[in-house]
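All chains are named by letter (A, B, ...) in the order of the sequence lines, taking the proteins before the strands, and each is independently numbered beginning at 1.
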Amino acid sequence: MSAAEPVRRTAGDLLRERGELTDDVVAVKVRGRLVDLHTPVPADAPIEVVRRGDPDALPVIRHSAAHVMADAVQRLFPGTQVTIGPAIDQGFYYDFDRPEGPFTDKDLAAIENEMRRIIKAKKPFYREEVSRDAAHRLFEGMGERYKLELLAAIPPDETISLYRHGSPGRPEGTWVDLCEGPHVPHTGHLGAVKLTTVAGAYWRGDERNPMLQRIYGTAFPTEEELKQHLELLEEAKNRDHRKLGKELELFMFHEFAPGMPFFLPRGASVYHRLIDFVRQLYVELGYEEVITPQIFDKRLFEVSGHLENFLENMYLPITAESLEAARKGDVGGVHFLTQKPMNCPSHCLIFAQRRRSYRELPWRVADFGRLHRYERAGVIHGLARVRSFCQDDAHIFCTPDQIESEIAAFNRLLFAVYRAFGFENVEVKLALRPEKRLGTDELWDRAEGALEAALVSVGVPFEKLPGEGAFYGPKLEFHVTDALKRSWQLGTIQLDYALPERFDLEYVGPDGAAHRPVMLHRAILGSLERFYAIYLEHVAGKFPTWLAPEQAVLVTVSERQAEYAEQTQRELTARGLRVALDAGPDKLGAKIRTARLMRHPYIAVIGDDEVAQKSVSVRSRDAGELGKMSVEAFAERLLGEARPPEVIR
RNA sequence: GCCAGCUUAGCUCAGUGGUAGAGCAACGGUUUCGUAAACCGUAGGUCUCGGGUUCAAAUCCCGAAGCUGGCUCCA
């Protein structure tokens, strides 16, 4: 630092001068930005103190924990190189290049112990700002080639900062990392740490790069909070849709069809009711539904561009005849077939089936067709990521000046639907042009602009995702998170100028001339399979009465009431209700237990009293004991809840 | 696809080189019972599959499949 430069004081210095520096201060916030105590701040800036218990302290603690972990790793496993190690939502990770290969669970335990030693020693963190050259020399000397690569990627005008923390047992006394911060004042702030898993991760997230060893962990100010976090994870596991799907007999998988769910009778019942719900919306919103083929000649997907852009995700079925021809080398006898991964090309064929008038637009065509996409092994995940699924898919063919209102209307609809299912936290993302795409830049400018304009007009906050659009157009994505806080896309709306062009679609305008329509691809629930997964977790297996496979279960106190119970079941079923019956020899307590585990909305007990009074004793899953009521009153109550939620007013 | 782990009865899980186990579920019997598990009994397994090492493999080694946690890719 040259003499001419004014002395720059750190946030820590300022607080100390003001006598506000207590040991529980982890960092500060300056104009909304999280800054640690080691970093110089403008003397006149308003400072907000962040203490150990504050939510803002967590990322600081975790990022520091990542450093301490890397320190421990390098101490225990010399020759291991460090790369990056950020704080994340649930904790932190650090990626290492370890020549000896992956870490084992035993290694994790050893690393954790080493971390505890460093934490216990309450070693201070230091920040220093250095020149690019000095940093280069430092990491070159240490043989940290990943850090050199990171250093080279820092823009020239940015400050280069190093963070050290005291490391008991290291010859140089400290462990150093190229890092922006922020970090805690000393290692003692890392109250409770836990390393959770090891995983492979590509350097810089590119699968062509070498695979690094990632260690995930988490950290909290206190053991108590860590314990709570671990309990929360345990609870989340209990509502994992894969576990619930098995327990509630909703769906299954088999290795003969990996990634392709089998919906069991109870699960299929829910699935069909979801479709019914969407179908009802379609009636009200002016959609028409079609049914289209599964398997096509390859020419369809040549025209659509899928063969060029989506081939690695497509199944190519083959007939025995073609297989035989191929074996004989008879190329002309081989029929190249394609299993559809999307419905849009079919709908283009239907649009082009006859002359279309502008008076028909917007034409909204829906399709619950089953789609198949080949997904690489390792990416499939319960119902949330499958190889065979169906979307509540529809395409809107419209004129260019109908785009914005269609998109805005769809946005409003989608939020209303999600709200009806109890999803309040929906994240909206605008996915922009990918590298591999159809159409000119000018078309993409227009398409992206239109989506953004619609979002602005509806007034929802959104995030832009460069390069994430579909190959035929930009998309709006609507995301919600699963029980384990993984974010999944549900609905989408995509704007497409390319397919109408490729299929040479036209409508006759008021001027009598041919015009090119625009296509909107949209789904509300998205993949029904994925929606099913997320929703099942969202309600923890407790489907509302309108969706539940059985809306009530009748249980008898003894087998003596079986006849009356059967008659009651028939009466309720005749009124369109779904009612199960448990008239077996078990004791009432056991039947209640079974019924509760199956999460039936209502349990109706039938004993001698009920038979005599022509009643049932009702217990609601959500509202508790309701007492005796007539069968008629029970039916009325069920019928009142059996209607799907109203979305459109 | 890549890295790591897992796979034992329908389900949840014990079993680390020497005769495959438990609980629940199923089935049979007894009990006829009032709001989260009655009692007794019976049956059920090529220990995912294929190779290898060994006198001997659920157990050790190699390969495959499926699943799990990540990475990459995506609804």
Within the structure shown, what part of the strands sits under 4.0 Å from [X] by heavy-atom distance: base, sugar-phosphate, or nothing?
X	answer
A:A201	sugar-phosphate
A:D105	nothing
A:V386	base
A:S617	base
A:L212	nothing
A:K246	sugar-phosphate
A:G378	base
A:R208	nothing
A:D608	base

Discussion item. Suppose we call two aromatic rings close when their centres sit under 6.0 Å apart. Are A:Y94 and A:Y216 close by that rule?
Written reply: no
Worksheet item: Does the gap between the ring centers of A:F421 and A:F531 come in under 6.0 Å?
Response: yes
Discussion item. Both conditions, 6.0 Å and 45 degrees, for the charged tip of A:R364 above the ring of A:Y282: are they met here?
Written reply: no
Fill in: Stacked cation flag A:R98 on A:F77, 6.0 angstrom / 45 deg
yes
Worksheet item: Under 30°, 30 to 60°, or over 60°: which ring-plane class applies to A:F471 and A:F310, parallel, tilted or perpendicular?
Response: tilted
Discussion item. Under the criterion of centre distance below 5.5 Å and interplanar angle below 30°, is A:F389 classified as stacked on the base of B:A75?
Written reply: yes
Report yes if a donor N or O on one partner sits less than 3.5 Å from an acceptor N or O on the other, where the partners are the side chain of [X] and the base of [N]; otherwise report no.
X	N	answer
A:R593	B:U35	no
A:Y202	B:G1	yes
A:R619	B:U35	yes
A:R376	B:C73	no
A:R387	B:C74	no
A:E375	B:A75	yes
A:Q561	B:G34	no

Worksheet item: How far apart are the C-alpha atoms of A:R242 and A:D240, what are their side-chain angles, what is the distance that settles it, and do they pass the salt bridge (charged side-chain N to carboxylate O under 4.0 Å, His left out) test?
Response: CA-CA 5 Å; A:R242 292 164 298 186; A:D240 188 312; 2.5 Å; yes
Which of the following nucleotides, [options], is nearest to the side chain of [X]?
X	options	answer
A:R214	B:G70, B:G69, B:A75	B:G70
A:V379	B:U35, B:C71, B:G66	B:C71
A:E255	B:C67, B:G66, B:A75	B:G66
A:R530	B:A75, B:C71, B:U31	B:A75
A:R385	B:A36, B:C73, B:A75	B:C73
A:Y216	B:C74, B:C71, B:G34	B:C71
A:Q489	B:C73, B:U35, B:A75	B:A75
A:Q391	B:U35, B:A37, B:A75	B:A75
A:A590	B:A37, B:A65, B:A75	B:A37

Worksheet item: Where each residue is assigned the nucleotide of RNA chain B containing its nearest heavy atom, which of A:T594 and A:R486 is assigned the position nearer the 5′ end?
Response: A:T594
Worksheet item: On RNA chain B, nearest-nucleotide positions of A:T104 versus A:L490: which is more 5'?
Response: A:T104
Worksheet item: Between A:V579, A:T545, A:D622, A:V616, which is the residue that forms a side chain to side chain contact (heavy atoms under 4.5 Å, CB included) with A:Y602?
Response: A:T545
Fill in: Under 3.5 Å side-chain donor-acceptor pair for A:K340 and A:T292
yes
Whole-angstrom distance between [N] and [M], as gauged at atom [atom1]:
N	M	atom1	value
B:C74	B:G21	C1'	44 Å
B:A43	B:U35	P	36 Å
B:A22	B:G5	C1'	25 Å
B:U7	B:C13	C1'	13 Å
B:C27	B:G52	P	42 Å
B:U59	B:C47	C1'	10 Å
B:A14	B:G1	P	29 Å
B:U46	B:G10	P	9 Å

Item to complete: Using only side-chain N and O atoms of A:K587, determine if any of them is under 4.0 Å from OP1 or OP2 of B:C39.
Response: no
